[in-house]
2 protein chains.
Amino acid sequence: MDVTEPATRTRRSDATRAAILRAARERFAADGYDRATIRAIAADARIDPSMVMRYYGSKEGLFAAAAEFDLRLPDLAEVPPDRLGETLIRHFVRRWEADGTLVALLRAAATNPGAADRMRGIFAGQLATAVARSSADPATAERRAGLVASQILGLALTRYVVRLPPVVDLDPEELTAWVGPTIQRYLTQPLPPSRASGR
Amino acid sequence: MDVTEPATRTRRSDATRAAILRAARERFAADGYDRATIRAIAADARIDPSMVMRYYGSKEGLFAAAAEFDLRLPDLAEVPPDRLGETLIRHFVRRWEADGTLVALLRAAATNPGAADRMRGIFAGQLATAVARSSADPATAERRAGLVASQILGLALTRYVVRLPPVVDLDPEELTAWVGPTIQRYLTQPLPPSRASGR
DNA sequence: AATGTTTGCCAACACGTGTTGACTTAACTG
DNA sequence: CAGTTAAGTCAACACGTGTTGGCAAACATT
């Protein structure tokens, strides 16, 4: 009952916890949710499978911890409006080339409802809000963010998951030159004539 | 030995085969490769799981048969060059709204290497060749087709798999108005200044 | 009618999975 | 040093999976 140490004491098991998390991210990214087994993850982390259960409760719990992800989007309000597309595509390529977490999430989201839910959460809570802050017209911000997501995730899918050769071969500069204008258009183009002729 | 009937005789089991295939497509589309179990597919088709094995050899074999897919792309050489984007996006939305096979393939491709391979095959054998036929510059056709694929598949992913609300809510007309120009640009835009500084 | 073949169902195998609880070892605490 | 707690190991359970072979009914062929 007497708790004299600070709330954030470093437990002796923190190294193990971190090793599990690292192995889990790699496995989830490489194999997806179903094929990434707890036994394989534990083997990578050189511990017993039961440790995973003790520290993360269940496979779902482990995935939830491993799929925590911050896009680290810059403040788009400070970016020159005509360079939004270029800035965003550059940021994304750098971000997921350095950290496989988003690829893991993407792979898992294709089959696991919880992962898909988290994916939606990330894009609503991070992308959509960032776009809204930079947008002159908040009413269309969500739709614009959705279109941006479709291109960004499509790129991640074809480049890192399906590995379509021509998309894999593009270097970051070419990628920026090609896709930047697309993002830019989705963000800043005036609404297309919504010829709302009742279906 | 005496085969009097034509080579393509209709076997009595053809109905069952078709029922299995139909159920398999639905299950693979809804659940992905791993979660779609043979038992569930057989139950949907109202037959015994062992029938699936008899007719398709294995789960891999069943998937191979279920993921046979023809994009049915029109001859792009006959499309007015300034309407390529609109034509393609319209075609794709209609195509995969009517047939869940491509969604099944997409879901499976996220985790199953064989499915990813088939996905690459479809886009190399169908999309890339169609684009090459319409392109003035065959040298860049493959790259352009890859970019088109990234946007098309990203749309399918966000709309039918992850189900991002703003993308789900777009009706086909809005989709065409927004994404058509993107496809158009990927297909017909002159090459961006590839500042080819060594590698 | 008798025979062979196709179509289908049943029960079971072998295996890998997530998960659990009992036990041993290490580390800290008085 | 004794005693308590944390960290880690081991073996096993219960379950669902793909897959297999045997057997009965329906059909086709002579």
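Below, chains carry the letters A, B, ... as their sequence lines are ordered, and counting in each starts from 1.
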J.: Could you work out, with side chain to side chain donor-acceptor pair (under 3.5 Å) as the rule, every residue matching B/Arg94, not counting sequence neighbours?
T.: none
J.: Could you list the residues that satisfy side chain to side chain contact (heavy atoms under 4.5 Å, CB included) with A/Pro138, not counting sequence neighbours?
T.: none
J.: Using side chain to side chain donor-acceptor pair (under 3.5 Å) as the criterion, list what pairs up with B/Asp117, not counting sequence neighbours.
T.: B/Arg120
J.: For A/Ser50, enumerate each residue passing the side chain to side chain donor-acceptor pair (under 3.5 Å) test, keeping only those at least two apart in sequence or located in another chain.
T.: A/Asp48
J.: Kindly write out the residues that satisfy side chain to side chain donor-acceptor pair (under 3.5 Å) with B/Arg163, not counting sequence neighbours, or none if the list is empty.
T.: none
J.: State which residues pass salt bridge (Lys or Arg N to Asp or Glu O under 4.0 Å) with A/Arg143; sequence neighbours excluded, sorted by chain then number.
T.: B/Glu174
J.: Roughly how bent is the helix from C/dA1-D/dT30 to C/dC23-D/dG8 end to end, in steps of 10 degrees, with each end axis from five pairs?
T.: 10°
J.: At a heavy-atom distance below 4.0 Å, what parts of residues 20-28 of chain B sit against DNA chain D?
T.: none
J.: Which of these passes side chain to side chain contact (heavy atoms under 4.5 Å, CB included) with B/Leu155: B/Thr182, B/Ile89, B/Leu170?
T.: B/Ile89
J.: May I have the distance from A/Tyr55 (atom OH) to C/dT19 (atom P), rounded to whole angstrom?
T.: 17 Å
J.: Hey, could you give me each pair passing side chain to side chain donor-acceptor pair (under 3.5 Å) that has a residue in residues 74-84 of chain B? Not counting sequence neighbours.
T.: B/Asp75-B/Arg133, B/Arg83-B/Glu86
J.: Who pairs with B/Phe28 by ring-ring contact (aromatic ring centres under 6.0 Å, His included), at least two apart in sequence or on another chain?
T.: B/Tyr33, B/Phe63
J.: Name all pairs fulfilling the side chain to side chain donor-acceptor pair (under 3.5 Å) condition that reach into residues 95-113 of chain B, sequence neighbours left out, sorted by first residue then second.
T.: B/Arg25-B/Thr101, B/Trp96-B/Tyr160, B/Glu97-B/Tyr160, B/Asp99-B/Thr101
J.: Rounded to the nearest Å, what distance is computed from the CE atom of residue A/Met51 to the C1' atom of nucleotide C/dT24?
T.: 12 Å
J.: Could I get a table of every N or O pair under 3.5 Å where one atom is in the protein and the other is in nucleotides 18-25 of chain D?
T.:
unit_1 : atom_1 : unit_2  : atom_2 : d
D/dG18 : OP1    : B/Ile38 : N      : 3.4
D/dG18 : OP1    : B/Lys59 : NZ     : 3.1
D/dG18 : OP2    : B/Ile38 : N      : 3.2
D/dG18 : N7     : B/Arg39 : NH1    : 2.7
D/dG18 : O6     : B/Arg39 : NH2    : 3.1
D/dT19 : OP2    : B/Lys59 : N      : 2.8

J.: For the pair made of CZ in A/Arg35 and C1' in C/dC15, what is the distance, rounded to whole Å?
T.: 16 Å
J.: In whole angstrom, what separates B/Ile41's CD1 from D/dG16's C1'?
T.: 15 Å
